[in-house]
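These figures come from a predicted structure and were not determined experimentally.
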Amino acid sequence: MSLPVTSFSEDQAEAFDRVAEVLRSAGVDIEESLTTPRAEAGPGALAVIGKAGSGKTMLLARLAEALSEAGVETISGDYEGRRRKDKRTLAILAPTNKAASVLRTRGVPATTIHRILYTPVYDPEYEKIAEWLMGNGEKPEIEGLTDAALDRAAAFFKQARSIPGALAAAGLKGSDFILGWKRREDPLDIGFVDEASMLDARQYDDLSEIFPTLLLFGDPAQLAPVNQSGSMVFDALPEPRKMVLHRVHRQDLDNPILDLAHALGDESLGFEDFERMLEDAARSDDRVVISPRVEAGMMARSPVLVWRNATRIRLIHAFRAAYGAPADALLPGEPLICDGIELPLKHRKKRLDLEARGLIKGAQVIYLGPGRRAGFSRLHVIGAPDPQVSAASIVKIEMPDEDEPFIPFAANMGAAFLHGAAVTIHKAQGSQWPEVQVFAPDLFAASRAGRIEAGIPLWKRLAYVAITRAEERLHWVTRYRLGKPTEPLGTSDLDVPATPLELTGGDAP
């Protein structure tokens, strides 16, 4: 196999070779495209770490491609057919729907950690179609489905390799072929985890249990998970198990946003110096904008990033007032953030169903309108493969200077949501948007607080994470002002089907 190592930097090439050596010890030779049956034990965890622009995603994608060329099957979590003992597999994971969708837009078949930890239970009749599409059986005869419908499913699967998508092309709904979800019992094989800086200790332990070979890709300059004392799971790995990448890639050169991010590594840099760098960059490049106000129109799809919860709540209320949102209802198009599932333990199956559809804590959601039943909402889950759902919802609008949120409507139990027009920088990790607004007064306050996290001033970690969420343009907002929207709020930019999948995650009548 010919590997384009000339496109790698020296440290990337070294990391590729070291990963190849680890994979070879696990029975997969990506240089010779050879595999041997998986053994129960594996080499364990290995980390590839580097700051923004160092080429972690490029390396992940090339390794995944090399594994595919060696005959390793990539599994998505949507459906797994009957596995042969000699078949090697790879799962490419991200902590959030948005992070997984970012990888998918770059051609990497990623799924969420949750979709791997929990597997769907298919209706046996429709499972025959899945096995046929996977090449494990003859074309089935299914009551109610014509040959033309099955041919549409096959054509879709050939193009997209998605079993749920193929069954949808045949005219089926998710509730037709997925009966429920169960915790994975059998171990898998090789796992790649992007945005590994977001992993908490419990997630890492879960993944270590099912992947004998686990490769973590993470950024040590980001913010560690809450309640983890500023440390990341890969920090505990011994040095020989960690590889560090440096930023040397041509496609990242002359990028003012990455230049600013890397400048934060200068120990002598103060907040005022950094703002002068931002002003200089804005004068010479329109990818950096110094703005005297937050723009409400951008907040509808790209939340303004803040440090303090009080700032977040004030900006959310300003956003809703700018659009004329009523106090007792949501407008279609308002952004939400899933704050978890509020269900008693006896409803574990319903919880798994909601989470498997993308309604996991931190998921970004757009409100489409009320559902057909009281307490239900029609929702668009950003980054989910099947984004439109209808679910029992508990919507909480937090109020300035009040401990208890206002709840405009709610089911007795179901998926809980906070407003998403503004989010904390912690919750923004793993996501990217074409344009991002960063609320500078909050970062100034963090710099004055003098807090240190893992040896680095907190304001620098916050600034680094915030500005690297911007794919194309960074807006550095300097004042407590809000620019009114020029267009009404709506959902025309979303692909909204007539009847979203209904999830009975609450007490449906």
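- A donor-acceptor distance shorter than 3.5 angstrom exists from the side chain of Arg152 to the backbone of Ala169, with no hydrogens or angles considered.
- Using a 4.5 Å heavy-atom threshold, the side chains of Leu315 and Met299 count as touching.
- Distance alone, capped at 3.5 Å, is enough to place a donor-acceptor pair between the Arg320 side chain and the Pro326 backbone.
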CA sep, side-chain torsions, deciding dist, call: Arg24, Glu31, salt bridge (charged side-chain N to carboxylate O under 4.0 Å, His left out) = CA-CA 9 Å; Arg24 193 157 44 244; Glu31 293 177 332; 3.4 Å; yes

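- Salt-bridge annotation for Arg88 and Asp189: present, with a side-chain N of the basic residue lying under 4.0 Å from a carboxylate O of the acidic one.
- The backbone N or O of Asp206 sits nowhere less than 3.5 Å from a side-chain atom of Glu209 that would complete a donor-acceptor pair.
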key: Residue pair Gln388, Arg378: steps toward the side-chain contact (heavy atoms from CB on, under 4.5 Å) verdict   = CA-CA 7 Å; Gln388 272 76 37; Arg378 292 184 295 114; over 6 Å; no

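- Between the side chain of Arg301 and the backbone N or O of Gly333, at least one donor-acceptor pair lies under 3.5 Å.
- To the nearest 0.5 Å, atom CG of residue Leu117 and atom OG1 of residue Thr112 are 8.5 Å apart.
- Evaluated for a side chain to side chain contact (heavy atoms under 4.5 Å, CB included) with Leu23, the options Ile190, Thr35, Leu215 yield exactly one hit, Ile190.
- Under a 3.5 Å cut-off, the side chain of Gln203 and the backbone N or O of Asp200 do form a donor-acceptor pair.
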request  = Begin from the C-alpha positions of Leu93 and Asp194 and carry the test side-chain contact (heavy atoms from CB on, under 4.5 Å) through to its verdict.
outcome  = CA-CA 6 Å; Leu93 313 175; Asp194 196 29; over 6 Å; no

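- Summarising the geometry, atom CD1 belonging to Ile92 is positioned 11.5 Å from atom CZ belonging to Arg104; distances are rounded to the nearest 0.5 Å.
- Considering all non-hydrogen atoms of both residues, Asp219 and Ala52 come closest at OD2-N, 3.4 Å.
- Closest approach of Ala421 to Pro335, counting heavy atoms only: N-CG, 3.7 Å.
- Between the side chain of Arg469 and the backbone N or O of Val465, at least one donor-acceptor pair lies under 3.5 Å.
- We find the CD1-CG distance between Ile341 and Leu359 to be 5.5 Å, quoted to the nearest 0.5 Å.
- In summary, the aromatic rings of His380 and Tyr367 are positioned with their centroids too far apart to meet the 6.0 Å limit.
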request  = For side-chain contact (heavy atoms from CB on, under 4.5 Å), just list the numbers for Leu60 and Val48, CA-CA rounded to whole Å, side-chain angles, deciding distance to a tenth of an Å, and then say yes or no.
outcome  = CA-CA 9 Å; Leu60 183 156; Val48 177; over 6 Å; no

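- When all heavy atoms of Ala196 and Val233 are compared, the pair lying nearest together is O-CG2, 4.0 Å.
- In this structure, Leu305 and Val423 have side chains that are in contact, with non-hydrogen atoms separated by less than 4.5 Å.
- Under a cut-off of 6.0 angstrom, the local environment of NZ in Lys484 is sparse, with at most 12 non-hydrogen atoms contributed by other residues, nucleotides or ligands.
- With respect to Lys128 and Asp123, no salt bridge is recorded, no charged nitrogen being found less than 4.0 Å from a carboxylate O.
- Contact annotation: the side chain of Glu138 never approaches that of Trp132 to less than 4.5 Å [non-hydrogen atoms, C-beta and beyond].
- Using a 4.5 Å heavy-atom cutoff, the side chains of Thr89 and Thr74 are not in contact.
- In this structure, CG in Leu46 is found 9.5 Å from CG in Leu214, a value given to the nearest 0.5 Å.
- Between the side chain of Thr36 and the backbone N or O of Gly27 there is at least one donor-acceptor pair closer than 3.5 Å.
- Atoms CD1 and NZ, from Ile337 and Lys427 in turn, are 7.0 Å apart once rounded to the nearest 0.5 Å.
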task = Take Ile49 and Met243, measure what side-chain contact (heavy atoms from CB on, under 4.5 Å) needs, and give me the verdict at the end.
result = CA-CA 6 Å; Ile49 59 178; Met243 294 161 286; over 6 Å; no

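- Atom CD of Gln364 and atom CH2 of Trp433 lie 4.5 Å apart (nearest 0.5 Å).
- Counting only heavy atoms from C-beta outward, the side chains of Met298 and Pro303 never approach each other to under 4.5 Å.
- Between the side chains of Gln429 and Ser197, no donor-acceptor pair is found at a separation under 3.5 Å.
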request  = Please assess Gln437 against Ser302 for the test side-chain hydrogen bond (donor to acceptor under 3.5 Å, both in side chains), listing each intermediate value before the final yes or no.
outcome  = CA-CA 8 Å; Gln437 300 181 93; Ser302 173; over 6 Å; no

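- In this structure a side-chain-to-backbone donor-acceptor pair under 3.5 Å is present from Ser393 to Ala391.
- Side-chain contact between Leu90 and Phe192: present, with at least one pair of heavy atoms (C-beta onward) separated by less than 4.5 Å.
- Residue Ala61 comes nearest to Val108 through the heavy atom pair CB-CG2, 3.7 Å, listed as atom of the first residue, atom of the second, then distance.
- The two residues Phe417 and Cys338 have their closest heavy-atom pair at CD2-CA, 3.6 Å.
- Distance alone, capped at 3.5 Å, is enough to place a donor-acceptor pair between the Gln432 side chain and the Thr468 backbone.
- Judged by distance alone, the side chains of Glu435 and His475 do bring a donor and an acceptor atom under 3.5 Å apart.
- Within the 3.5 Å criterion, the main-chain N or O of Leu494 finds no donor-acceptor partner in the side chain of Thr491.
- No more than 12 heavy-atom neighbours from other residues, nucleotides or ligands sit within 6.0 angstrom of CD on Glu21.
- Residues Phe217 and Val193 are not in side-chain contact: their nearest non-hydrogen atoms beyond the backbone lie 4.5 Å or more apart.
- Minimum interatomic distance between Val436 and Ala466 (heavy atoms only, all atoms of both residues): CG1-O, 3.9 Å.
- At least one side-chain heavy atom of Leu199 sits less than 4.5 Å from a side-chain heavy atom of Leu207.
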